[in-house]
Amino acid sequence: MSAPFSSPGSSPGSAAAPGSRPLVMEARGLVKRYGQVVAMNGADFELRPGEIMAVIGDNGAGKSSLIKALSGAVTPDEGQIFLEGRPVAFRSPIDARREGIETVYQDLAVAPAMTIAENLFLGREILRPGPVAKLLKLIDRKKMLEEATRHMQGLQFAIKSMSQPVETLSGGQRQGVAVARSAAFARHVVIMDEPTAALGVREGNMVLDLIRQVRDKGLPVILISHNMPHVFEVADRIHVHRMGRRAAILNPKVISMADTVSVMTGALRPEDLSPDMLAG
Amino acid sequence: MSAPFSSPGSSPGSAAAPGSRPLVMEARGLVKRYGQVVAMNGADFELRPGEIMAVIGDNGAGKSSLIKALSGAVTPDEGQIFLEGRPVAFRSPIDARREGIETVYQDLAVAPAMTIAENLFLGREILRPGPVAKLLKLIDRKKMLEEATRHMQGLQFAIKSMSQPVETLSGGQRQGVAVARSAAFARHVVIMDEPTAALGVREGNMVLDLIRQVRDKGLPVILISHNMPHVFEVADRIHVHRMGRRAAILNPKVISMADTVSVMTGALRPEDLSPDMLAG
Amino acid sequence: MTQPSTAPPAKRSFHLPNFSTLGPLIALLVACIFFATQSDRFLTLNTFSLILQQASFVGVIAIGQTLIILTAGIDLSCGMIMALSSMVIGKLAVEQGLPVGLAILAGFAVGAFVGWLNGLLITRWKLPPFIVTLGMYSIVFAAVRIYSRATSVPMPPDGLTFLAQRFELFGTRFSYGSLLMLLLFLLTWLYLNYTAPGRHIYALGNNPEAVRLSGINNNRLLLSVYTFAGLLYGVAALLLLERIGGASPEAGQTENLESITAVVIGGTSLFGGRGNVLGTLIGALIVGVFRSGLTLMGLDSVYQNLITGILIILAVATDQFSRRRS
Amino acid sequence: MTQPSTAPPAKRSFHLPNFSTLGPLIALLVACIFFATQSDRFLTLNTFSLILQQASFVGVIAIGQTLIILTAGIDLSCGMIMALSSMVIGKLAVEQGLPVGLAILAGFAVGAFVGWLNGLLITRWKLPPFIVTLGMYSIVFAAVRIYSRATSVPMPPDGLTFLAQRFELFGTRFSYGSLLMLLLFLLTWLYLNYTAPGRHIYALGNNPEAVRLSGINNNRLLLSVYTFAGLLYGVAALLLLERIGGASPEAGQTENLESITAVVIGGTSLFGGRGNVLGTLIGALIVGVFRSGLTLMGLDSVYQNLITGILIILAVATDQFSRRRS
Amino acid sequence: NQPIIGLITKTETNPFFVKMKEGAQKEATRLGAKLMTAAGKQDGDNAGQVTAIENMVAAGAKTILITPSDSKAIVPAIAKARAAGVMVIALDSPTEPASAVDALFATNNYQAGILIGKWAKASMGSKKAVIATLDLFPGHPVGIARHNGFLEGFGVKGVTSKSPDLVNTSVVCAQDSFGDQAKGQTAMENCLQKNPDINVVYTINEPAAAGAYQALKAAGKEKDVLIVSVDGGCAGVRNVQAGVIGATSQQYPLKMASMGVAAGVNYAKTGKKASGYVDTGVALITNKAIAGVKSNDGKFGLANCWGE
Ligand SMILES: Nc1ncnc2c1ncn2[C@@H]1O[C@H](COP(=O)(O)OP(=O)(O)OP(=O)(O)O)[C@@H](O)[C@H]1O
Ligand SMILES: Nc1ncnc2c1ncn2[C@@H]1O[C@H](COP(=O)(O)OP(=O)(O)OP(=O)(O)O)[C@@H](O)[C@H]1O
Ligand SMILES: [Mg+2]
Ligand SMILES: [Mg+2]
């Protein structure tokens with residue numbers, strides 16, 4: 001996956017240079033305050049078609065706040081979000097879903113007493129065929145179990161039964177459920193907030209594979225992660241978040257992991273980097 | 001931190017060869033079933049004085065179940081736990097605490113509406129001086145805030161105020177609270193279930209430092225982690241958990257990261273390893 | 001009962017809760033066996049039919065209450081809504097001379113409307129269900145009194161006769177009301193378990209934030225639950241009319257506690273998201289069995305109170321122990 | 001209300017709940033201003049003293065109720081425990097001729113004992129508080145009837161006189177009972193906020209699993225809360241005796257709902273772990289202000305019900321809106 | 001083979017009904033009958049009474065004595081029981097229509113109101129009356145009968161026993177007391193706030209009267225205000241003697257109950273049903289007899305009171 005310096009975002013699905021195709025998602029000057037705490041302080045963001053954009057930053061830098069704003073889970077106090085160039089104002093996650101944006105939240109929004117299959121299909125249950133069934137919204141339990149098994153198989157978690165309540169799963173298995181859900185249903189953008197944090201080595205790699213598959217389908221992915229090897233393995237560009245705002249966008253094909261960490265922690269100023277390390 | 005082949009557990013605090021000093025903790029044949037799911041299937045465990053014992057394994061392998069048994073949070077169906085050679089039967093975490101065992105649970109047992117300081121000191125609040133205050137159990141809020149700041153400072157999380165409710169913290173900050181709590185109060189053994197999972201690069205290294213400090217105070221540490229670099233950085237021995245039981249104890253000074261992962265995922269059988277890779 | 005804005009109670013448990021209705025069922029059977037040894041009149045189809053009849057309108061209310069409690073809400077106004085609906089049906093059919101069918105529809109509409117109002121206040125203003133439905137209790141209480149001018153409306157003998165009909169089964173007469181209640185329980189159970197909105201109700205009580213984030217409209221769902229519950233209270237009004245043969249302005253004052261009791265005995269958690277509507281049926285029957293059995297034993301009514309208190313605790317304890325076994 | 005075995009409701013919220021009593025206070029002030037414009041008799045110290053007196057025993061019960069609700073429990077038996085305690089004090093002091101001090105101690109002991117029994121059933125058998133206290137309500141109800149033989153015990157004029165004394169302040173007579181209630185609210189608030197066990201009560205309602213894992217004995221804590229609440233109901237019995245000048249076998253039937261209402265209006269969550277006992281005081285006063293103000297306006301009692309219902313909803317809505325502002 | 005007699009009262013708590021139950025129990029023991037008892041959850045709990053009737057019929061009761069909570073709504077359930085061959089006697093208050101039961105053993109509540117109304121009017125003489133009433137709760141027929149009877153007896157124009165609802169002409173403050181002492185006291189306190197000049201207080205029953213007295217005493221007005229009540233329980237009569245209550249209309253629940261049980265036993269033995277209305281009587285009890293109003297003194301009251 002080596003790429004020429006001047007062309008950031010060079011993986012198969014990702015298209016062209018800045019300007020040629022509109023940005024899939026863009027945010028300008030987002031601000032979110034919680035009492036005295038400023039979670040976002042004029043944060044910018046951009047996502048190009050078909051790219052994997054990693055978002056990294058210290059704990060409490062405001063990464064989760066940023067993606068919550070992008071997915072409609074919180075409403076920013078100031079700033080503007082654009083989707084394919086048009087300004088949007090998500091008032092709830094419903095709005096974002098309707099636009100085909102799927103999100104894995106850091107605190108894994110699952111219903112613990114419900115089964116894996118039910119959680120996977122929450123809000124878009126598979127209905128039985130036939131007009132009566134459609135009208136009554138009769139769910140097709142069997143099909144849902146089968147489909148769930150299929151989706152989860154890709155991730156190779158050792159889960160016995162899809163009709164197990166999620167609260168009986170181990171931490172990592174639970175994360176697997178959330179990841180599988182977003183990958184299965186995204187139509188436009190996939191956002192993942194630390195999807196591999198609780199995962200084992202094998203399972204983590206599976207999720208990275210999954211992310212690449214999604215990208216290869218042509219969907220751009222926003223990946224928040226603290227795991228630098230993971231980030232460098234899949235990211236096309238790296239958005240560094242610092243103290244509530246974007247500090248820089250780096251090019252992982254050029255910059256080293258150590259330098260990236262330095263930018264992230266503030267030891268290195270983005271201005272001091274060589275221009276090719278910055279991704280346009 | 002390189003060490004001679006034959007002497008596992010060679011870091012400063014860890015003592016002697018097997019037999020010379022009794023094991024701090026030992027478990028034999030632990031079994032825990034949840035309905036049809038067997039979370040532990042005859043799991044063994046041992047911990048030597050002053051060592052950092054890493055526990056690794058796939059998601060759902062039963063690591064959390066093992067440490068929950070060791071800390072009294074769940075009662076195993078079968079098997080025996082020994083502390084300093086004497087058999088113990090923890091019926092609740094209170095029993096384990098009384099023995100000086102401190103645990104960071106994977107699902108971070110915090111009271112979300114309460115402040116950071118209160119969570120840090122939950123169950124051992126600092127009381128005001130004087131017999132009346134002791135009798136009434138009057139808490140010393142100011143001192144608790146100060147102490148909390150001191151404890152958390154070591155970890156360098158950018159948290160403004162210790163009187164902030166925990167539910168307002170970011171995922172990683174919350175984990176920092178749980179870690180700081182265990183490190184501050186342990187008198188005998190520290191158990192940490194994935195303490196660095198949600199942490200940034202800098203914060204994760206801080207926690208590793210903290211773990212080393214605890215070990216250097218002479219307390220043994222059980223560290224569950226999926227982060228192989230972290231494990232190899234601090235562990236004296238590596239307990240590999242597979243399908244509900246111990247597959248092997250490895251010597252990180254000898255074996256490579258790749259081989260370790262192979263053992264963990266079952267690609268390599270422990271019998272096929274050279275003896276020096278196994279830690280006694 | 002919290003504001004929907006404060007979010008997901010991500011409950012976890014090591015001891016798996018058992019959602020089956022086995023526990024309550026065991027308690028019910030034990031109670032029946034006990035009373036059968038105490039009175040030879042107890043184990044008759046007649047008694048059974050009576051208990052079913054007596055449970056009918058509280059049972060139907062308890063269906064609505066179960067739905068609401070599953071969403072982590074509570075409804076204190078349920079009995080009063082029933083009283084209002086029954087008064088509307090009675091007044092329209094008897095005093096205004098409306099066709100019975102129309103009067104019934106109007107009663108249902110009133111029930112659904114008040115339920116909808118509850119839901120509106122809860123979802124729009126984000127008020128705790130406890131307060132909204134407590135306030136609604138007082139409001140509807142006054143409305144019933146003003147509307148009825150504190151006078152009960154007797155059914156004319158030929159007014160709602162179709163309701164009063166019974167059918168024979170094994171030589172015992174069962175009321176259509178009991179049948180309707182059983183049917184509604186079954187339908188609700190199917191709805192909760194086999195339709196998408198049914199599952200969403202569970203999820204909503206389990207983790208409202210997860211439901212919100214998964215793109216379901218929490219407010220719309222909640223609103224529909226409260227409205228539907230109101231409709232059920234309208235149906236209960238019909239059964240009340242059937243049972244007592246008239247609309248009474250004093251009705252509806254105790255059904256809130258009675259229905260919540262049936263729900264909780266049936267094993268549904270007051271924190272929402274966990275439970276089973278068939279358990280509620282068993283809970284309602286358990287209360288009926290106690291009342292009927294203790295009367296048959298000829299106990300003084302004060303001692304009936306005493307024993308009922310003890311038995312309710314024991315019934316739920318049986319449930320608990322049977323769960324811990326399994 | 002769940003079984004303590006099923007674990008931590010790790011609630012999170014994006015909109016921070018505001019625990020201050022500001023919201024309820026605003027509602028109280030608005031109500032006072034409204035009534036002051038309606039009746040010039042309202043804004044007098046006399047009215048104020050009266051509202052305090054009327055709120056006194058329900059207020060003290062509501063303190064216990066707040067503690068229990070903070071642990072995510074509920075107590076339906078509170079009023080009945082008070083009735084039993086008052087009957088014990090009355091009977092012993094008047095009929096048995098025991099020294100008043102001893103009789104009062106016995107009353108307190110009975111209250112604490114029944115509370116302890118509630119706690120025992122909840123912690124040992126892991127039964128839902130709703131069911132345990134509902135059952136206990138029936139049991140104590142019967143006990144009061146049997147013990148009192150349905151007769152009220154009047155206080156002899158020279159019996160508990162010290163209780164009936166008033167003190168003057170700005171020309172208005174206040175009862176010592178009101179003072180005691182205010183004092184208990186203050187002490188409980190201090191206890192909850194400045195002692196270790198007080199903080200544990202919050203934590204217990206917030207995340208019982210975290211409390212368990214941090215090595216606190218959940219069961220012992222819960223047991224002490226229920227016992228202490230029982231003791232408070234005993235104190236309420238004393239205030240009841242002071243107020244109505246005798247022990248009545250009919251007392252205690254509505255105080256459960258009234259106290260829960262005060263707690264919820266005061267901003268405490270029925271899910272536990274969040275709230276403020278001073279809010280409960282304001283909640284109790286709001287209810288008293290409505291009653292007193294509406295009477296002064298000369299409203300018919302049916303309409304008083306109607307308006308009270310609306311006002312309760314509006315009071316909590318005010319609270320909600322003031323929180324959202326801040 | 002004992003005859004089984006059921007007694008269904010309005011509530012479990014009101015001493016009036018509790019004593020009625022005790023009277024019935026005593027008579028049943030004396031006559032060798034088995035008594036079953038049940039009660040509504042609270043005044044007005046019609047559904048609870050219906051359930052009790054059904055369960056008693058199922059348990060084999062041949063006679064049911066009932067104090068109907070809802071005089072109209074209970075009728076169909078009574079009709080069903082009678083169709084099953086059960087004799088139903090209403091105690092204390094009538095059903096509507098009165099023919100729905102076999103017999104009625106009751107006091108005339110309206111008459112009870114008239115008696116205390118007349119006495120109060122005569123006692124006030126030429127003084128201007130400022131009246132407060134502490135009623136039962138909205139819409140209860142017994143509450144309406146006593147309240148309106150009191151007003152008619154007091155000479156308020158336009159009140160008759162046919163008035164369907166509480167008449168509030170010349171009443172400055174009407175509050176619900178639920179017949180409960182604590183609630184009666186609160187109601188009285190609030191009334192005094194509204195109008196401190198109140199000098200006549202009608203109360204639905206004696207516990208409410210005791211509550212009213214507490215409130216008046218706290219306000220230092222107990223000497224200037226006339227309290228009248230209805231019931232005639234022993235505690236109430238003692239309050240009459242102590243000067244707490246000016247006058248009360250005494251009723252005879254024990255008589256109602258024992259007559260009912262006797263009728264039940266008679267029906268079981270002979271198959272003959274009781275019928276018609278038996279007025280169990282009402283007497284005005286006061287220690288301040290006034291010319292022109294027939295009354296009995298406290299001694300008579302204590303000799304005939306119910307309760308202890
Ligand atoms: N609901 C809230 N109320 C108050 N403060 C909040 C809230 N949510 C987040 N914050 C604060 O906003 C800041 C940013 O939080 P955020 O969760 O976005 O960080 P993050 O970059 O995702 O961190 P992490 O890597 O630890 O997940 C933190 O300091 C946090 O304390
Ligand atoms: N309360 C429970 N009820 C039922 N099954 C459970 C329960 N707790 C754990 N399990 C099951 O036991 C197995 C082991 O779980 P455990 O949490 O110990 O795994 P783990 O090794 O810690 O995994 P991870 O790395 O994902 O945290 C899993 O398959 C899980 O589904
Ligand atoms: Mg985050
Ligand atoms: Mg784990």
Side-chain angles (χ1 to χ4, degrees), chain C residues 1-3 5-17 72 74 76 121 125-128 130-132 134-143 145-146 150 209 257 260-261 264-265 269-271 274 302-317 320-321 323-324, chain D residues 1-3 5-17 72 74 76 121 125-128 130-132 134-143 145-146 150 209 257 260-261 264-265 269-271 274 302-317 320-321 323-324:
Chain C
M1 295 176 225
T2 35
Q3 306 72 25
S5 63
T6 48
K11 296 161 191 159
R12 277 188 79 240
S13 74
F14 302 111
H15 308 278
L16 250 189
I74 198 157
L76 300 177
L121 288 167
W125 288 5
K126 315 259 178 252
L127 302 182
F130 184 91
I131 288 295
V132 168
L134 178 71
M136 198 55 80
Y137 177 97
S138 289
I139 295 169
V140 178
F141 176 88
R145 243 132 234 89
I146 295 166
E209 190 64 10
L257 207 59
I260 298 172
T261 304
V264 178
I265 292 182
S269 159
L270 282 176
F271 292 111
R274 292 156 199 265
V302 170
Y303 289 95
Q304 284 194 25
N305 267 299
L306 186 72
I307 308 283
T308 305
I310 296 174
L311 287 183
I312 284 183
I313 293 176
L314 285 183
V316 178
Q320 276 295 334
F321 293 139
R323 279 174 201 214
R324 248 178 278 173
Chain D
M1 299 173 219
T2 34
Q3 306 74 25
S5 63
T6 47
K11 295 160 194 161
R12 276 186 81 240
S13 73
F14 301 110
H15 309 276
L16 249 188
I74 198 158
L76 300 177
L121 288 168
W125 287 6
K126 314 254 178 256
L127 302 183
F130 184 90
I131 287 295
V132 168
L134 179 72
M136 198 56 80
Y137 176 97
S138 289
I139 295 170
V140 178
F141 176 88
R145 240 118 245 104
I146 294 166
E209 189 65 11
L257 207 59
I260 298 171
T261 304
V264 179
I265 292 182
S269 159
L270 282 175
F271 291 109
R274 291 155 199 265
V302 171
Y303 289 96
Q304 283 195 23
N305 266 301
L306 186 71
I307 308 284
T308 306
I310 296 173
L311 287 182
I312 285 184
I313 293 177
L314 286 183
V316 178
Q320 275 297 333
F321 293 138
R323 280 176 200 213
R324 249 178 276 173

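To find a chain, count down the sequence lines: A is the first, B the second, and so on, and within it residues start at 1.
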Just so I understand: if I count every heavy-atom pair under 4.5 Å between each of [options] and chain C, which residue has the most?
options                      : result
D/Ala143, D/Ala315, D/Gly309 : D/Gly309
D/Ile265, D/Leu76, D/Thr261  : D/Thr261
D/Leu257, D/Ile260, D/Ile307 : D/Ile260

Let me know if D/Tyr137 has heavy atoms under 4.5 Å from chain C in its side chain, its backbone, both or neither.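 Neither; nothing under 4.5 Å.
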Interchain contact, D/Leu121 with chain C, by part (heavy-atom threshold 4.5 Å):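 Just the side chain, heavy atoms under 4.5 Å.
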Could I get the full list of side chain to side chain contact (heavy atoms under 4.5 Å, CB included) partners for D/Ala317, not counting sequence neighbours?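 Per chain and number, D/Ala317 pairs via side chain to side chain contact (heavy atoms under 4.5 Å, CB included) with C/Trp125, C/Leu127, D/Phe321.
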Looking only at non-hydrogen atoms, find the nearest pair between C/Pro128 and D/Val316 and report the distance.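 Of all heavy-atom pairs spanning C/Pro128 and D/Val316, the closest is CD-CG1, 3.7 Å.
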Can you measure from [atom1] ([X]) to [atom2] ([Y]) and round to the nearest 0.5 angstrom?
X        : Y        : atom1 : atom2 : answer
C/Ile131 : C/Met136 : CD1   : CE    : 12.5 Å
C/Ile139 : C/Leu134 : CD1   : CG    : 9.5 Å
D/Ile146 : D/Phe141 : CD1   : CZ    : 10.5 Å

Out of C/Val302, C/Ile312, C/Leu311, return the one with the most heavy atom pairs under 4.5 angstrom to chain D.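 Between C/Val302, C/Ile312, C/Leu311, the count favours C/Val302.
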